[in-house]
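Have a look at the structure below, then the notes.
As a basis for the values below, the full set of heavy atoms in this structure was taken, side chains included, without hydrogen atoms, waters or symmetry mates. Both counts, for ligands and for their atoms, begin at 1 and track the order of listing.
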Amino acid sequence: MKNLISIKDLGIEEIEKIFSLAKQIKKNPQKFSRSLQRKSFALIFHKPSLRTRVSFEVGVFQMGGKTIYLEQEIGFSQRESIKDSAMTLSRYVDGVIIRTFSHQLLLDFVQRSSIAVINALTDLLHPCQALSDLWTIKEKKGDLKEVKIAYIGDGNNVCNSLIYGCAKTETRLNVATPVGYKPKSQVTSHKSQVRIMNDPKEAVKDADVIYTDVWASMGKEKEKEIRKKDFQGFQINKELVNYAKPDCLIMHCLPAHRGEEISDEVIDGKNSIVFEQAENRLYVQKAILLWLMEKK
Ligand code: CP
Ligand code: NVA
């Protein structure tokens, strides 16, 4: 059974297959309107979501399948063990889309499931986001090997998945974080093109894309105030953007905290592709589902 847990587990040919499906789906969505007929997917979300949940639910619907959204009621490892939930769901649905805190919990589920599992974000990774973002960059800029991305902010789940994605697609990536917020060494030690630094100005120099995300991710809300102080100088604003190439694209996975990690002027500016980036999640989620449902 195929899963999407981490981009680290994908081969470049699998990534290219997902990109190619996304392109076809975006061009001619009608062609795929029956591709998931009689397929059902459970969504288990322990954190809020707008883009990921809606794009998966709408994506499955538009391809003729069915989703079941499960929130608190199944309470992993409270009402019953993860392994019992995984073994039961495997007998009902074709795939499970999980957003949760602990990455280990997701891995425990995968170990006992016999259906496709999609990581819809954990504290460690957000692979669907990074795949979609790299495809968006490819759509805009062409060959990913010729592109330089600067990620400015927290070394979080989105950053980790971008690091894995850039390693696979051979895209150059600079990551600038405040001291103490760099991505985990288990991620950066992976064969990659990433350069880790603490100076946002140095990171954006000659960048084709500047990418940021919130300073306090879901689950880190208590650290919000301290992080605001620690991340001073890491806002994507006009002054910082001036250090990059004039046609440098601005990306943010959203939700954004305007006035914190990004200024209104930049997120609403002419180089921002933030909402196209969000739109593309729909095509890439559909592509991921189709790729997973293909027989091995
Ligand atoms: N970018 C993203 O995953 O958004 P949501 O948290 O709203 O799903
Ligand atoms: N890093 C953010 C991403 C949200 C899509 C979070 O985990 O909250």
Using a strict 4.0 Å cut-off to heavy atoms of Asn156, name the atoms of ligand 2 that fall inside it. 1 (N)
Hey, is Leu121 one of the residues with a heavy atom under 4.0 angstrom from ligand 1? no
For Arg281, atoms of ligand 1 separated by under 4.0 Å from a heavy atom: 1 (N), 2 (C), 3 (O)
Residue, atom and distance of the protein heavy atom nearest atom 4 (O) of ligand 1 read Arg51 NE, 2.9 Å
Short version for Leu121: what comes under 4.0 Å of ligand 2, heavy atoms counted, is side chain
Does an N or O from Ser217, backbone or side chain, lie closer than 3.5 Å to an N or O of ligand 2? yes
Pro255 to ligand 1: N or O pair under 3.5 Å? no
Give the atoms of ligand 1, by number and element, whose distance to some non-hydrogen atom of Gln129 is under 4.0 Å. 1 (N), 2 (C), 3 (O)
Of the protein's non-hydrogen atoms, which lies at the shortest distance from atom 8 (O) of ligand 2, and what is that distance? Met218 N, 2.8 Å
Between Asp213, Thr52, Val214, which one has a non-hydrogen atom sitting closest to atom 3 (O) of ligand 1? Thr52
Salt-bridged, Lys184 to Asp123, with N to O below 4.0 Å? no
Among all protein non-hydrogen atoms, which one is nearest to atom 7 (O) of ligand 1, and what is the separation to 0.1 Å? Leu50 N, 2.6 Å
Top protein contact for atom 3 (C) of ligand 2, by heavy-atom distance: Asp213 OD2, 3.6 Å
Using side chain to side chain contact (heavy atoms under 4.5 Å, CB included) as the criterion, point out the one residue from Ile18, Val147, Ile149 that pairs with Leu134. Ile149
I want to know if ligand 2 touches Asn157 in the polar sense, i.e. an N/O pair below 3.5 angstrom. yes
Would you call Glu225 and Lys229 a salt bridge, taking side-chain N to carboxylate O under 4.0 Å as the test? no
Suppose we measure from atom 5 (C) of ligand 2 to each protein heavy atom; which comes out shortest, and what is that distance? Leu254 O, 3.6 Å
Kindly determine whether Phe45 and Tyr69 satisfy ring-ring contact (aromatic ring centres under 6.0 Å, His included), including the steps that lead there. CA-CA 8 Å; Phe45 278 49; Tyr69 185 76; 5.6 Å; yes
Can you tell me which portion of Lys47 lies within the under-4.0 Å heavy-atom range of ligand 1? Options are side chain, backbone, both, or neither. neither
Under the side-chain hydrogen bond (donor to acceptor under 3.5 Å, both in side chains) test against Asp208, which residue among Lys245, Lys140, Arg172 passes? Lys245
Considering only protein heavy atoms, which is closest to atom 6 (O) of ligand 1, and at what distance to one decimal place? Arg99 NH1, 2.8 Å
For ligand 1, which atoms, with element, lie under 4.0 Å from some heavy atom of His126? 2 (C), 3 (O)
